[in-house]
There are 2 protein chains.
Amino acid sequence: MLFWGLVGGVLLALLKVVEYQHFVRAYPSAVYGGLVAALFAALGLYLGRRWNRGRKVLVVEPVRAPRQEPFVANAEVLEALGITPREHQVLELIAEGLSNREIGERAFISENTVKTHSSRLFDKLGVRRRVQAVRRGRELGLIP
Amino acid sequence: MLFWGLVGGVLLALLKVVEYQHFVRAYPSAVYGGLVAALFAALGLYLGRRWNRGRKVLVVEPVRAPRQEPFVANAEVLEALGITPREHQVLELIAEGLSNREIGERAFISENTVKTHSSRLFDKLGVRRRVQAVRRGRELGLIP
DNA sequence: CGCGGAATCACCCGAACGGGTGACGCGCTC
DNA sequence: GAGCGCGTCACCCGTTCGGGTGATTCCGCG
């Protein structure tokens with residue numbers, strides 16, 4: 001909501017600029033046009049990327065999760081979702097029931113970093129809570 | 001978000017109108033500016049989407065493991081630990097990845113009550129966090 | 001060389017969670 | 001009737017989580 005408010009604000013500001021252009025006609029409108037164009041292009045690019053993220057859809061072939069001992073994570077899904085090794089590790093540790101702090105100690109990184117990883121992980125898994133992440137990870141064969 | 005987007009849109013439209021009435025006739029360059037901006041925004045959006053399309057596009061249809069027979073909780077363990085029906089139900093809902101609030105809505109009880117149940121549940125399971133509870137409940141055959 | 005992705009960390013804020021206490025009603029049992 | 005287990009709810013308090021922003025380092029790729 002704040003974001004969209006800002007978007008509105010930016011648009012307004014842009015329009016003001018355009019409007020201003022009329023009074024400062026000394027300069028060629030091309031300059032302003034270019035500026036506006038660049039800004040909008042950047043905005044569009046940014047939004048485009050954002051929108052497409054987490055939108056991935058996966059055709060899952062029956063990846064029967066093998067019940068045997070040597071568990072191996074499903075590399076295809078891992079790659080399809082763009083989950084990095086570190087994120088995967090964090091997922092494993094979350095599944096162990098550890099807190100972020102404990103995960104940090106286990107992986108020799110700060111709690112803040114763990115939070116960053118888990119945040120991105122949740123994003124990629126399309127979940128909002130750790131229990132859901134564990135559940136999803138299991139469904140996708142990312143963790144035993 | 002939709003709301004604020006609309007707000008932005010309305011403001012934008014308003015300004016456009018005002019601008020049009022006052023200046024556009026005399027200074028048509030604004031029209032061009034807007035056009036250019038829109039065009040570039042569209043271009044940016046297009047590029048942004050395309051940029052991400054290279055990676056596999058797919059959706060996840062979770063691999064439903066063949067759940068043969070309806071799951072039945074291990075009654076012995078349930079009784080041995082003194083877990084009441086309500087607590088068991090809360091455990092199931094926790095395992096679904098629901099928040100306490102959502103569990104309350106689902107079970108028609110207040111969030112506070114859910115907290116009481118989960119607290120006692122954790123106590124009986126000997127855990128301190130919900131992910132651990134899910135894990136333990138699984139090991140003990142209390143949930144699928 | 002520059003650029004992007006990965007990994008690292010910090011800070012802020014609000015929401016969710018966990019733990020503890022106290023309380024009330026209901027049904028069962030001694 | 002008193003005691004007990006169960007379920008219900010409230011309040012407080014401190015911690016943990018989730019989300020967002022911003023910044024830095026390193027590495028590989030063109």
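Residue numbers begin at 1 in each chain, while the letters A, B, ... track the order of the sequences.
- Counting only heavy atoms from C-beta outward, the side chains of B:I83 and B:L142 approach each other to under 4.5 Å.
- Taking atom CD of residue B:Q89 and atom C1' of nucleotide D:dT8, one finds them 14 Å apart after rounding to whole Å.
- When the P atom of C:dC26 is taken as reference, atom CZ of B:R86 falls 17 Å away, rounded to whole Å.
- For A:V131 against B:A95, the heavy-atom pair with the smallest separation is CG1-O, 3.9 Å.
- With no hydrogens or angles considered, a side-chain donor-acceptor pair links B:R86 and B:Q89 at under 3.5 Å.
- Spacing between atom CD1 of A:I103 and atom C1' of D:dG18 amounts to 13 Å, rounded to whole angstrom units.
- Atom CG of A:L121 and atom P of D:dG19 are 11 Å apart (whole Å).
- Tested against B:L140 for a side chain to side chain contact (heavy atoms under 4.5 Å, CB included), the candidates B:N74, B:L125, B:L78 yield a single pass: B:L125.
- Atom pair B:N112:CG and D:dC9:C1' shows a separation of 6 Å (rounding to whole Å applied).
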Can you give one letter per nucleotide of nucleotides 13-23 of chain C, 5' to 3': B if a protein heavy atom sits under 4.0 Å from the base, S if only from the sugar-phosphate, - if neither? ---SSBB----
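- Looking at which nucleotide of DNA chain D each of B:G82 and B:F108 is closest to, the 5′-most match is held by B:G82.
- A:E87 contributes atom CD, which lies 10.5 Å from atom CG of A:L81 (distance to the nearest 0.5 angstrom).
- We find that CD of B:E87 is positioned 13 Å from C1' of D:dT8, with the value rounded to whole Å.
- Residue A:T113 has no polar side-chain atom (N or O) positioned under 4.0 Å from OP1 or OP2 of C:dA7.
- Distance check, rounded to the nearest 0.5 Å: CD1 of A:I94 to CZ of A:R129 gives 13.5 Å.
- Distance, A:I109 CD1 to C:dA6 C1': 12 Å, rounded to whole Å.
- A close approach under 4.0 Å does occur between a side-chain nitrogen or oxygen of A:T84 and OP1 or OP2 of C:dA7.
- Nearest nucleotide to the A:H117 side chain, out of D:dC9, C:dA7, D:dG7: C:dA7.
- Rounding to the nearest 0.5 angstrom, the gap separating the CG atom in B:L93 from the OG atom in B:S118 is 11.5 Å.
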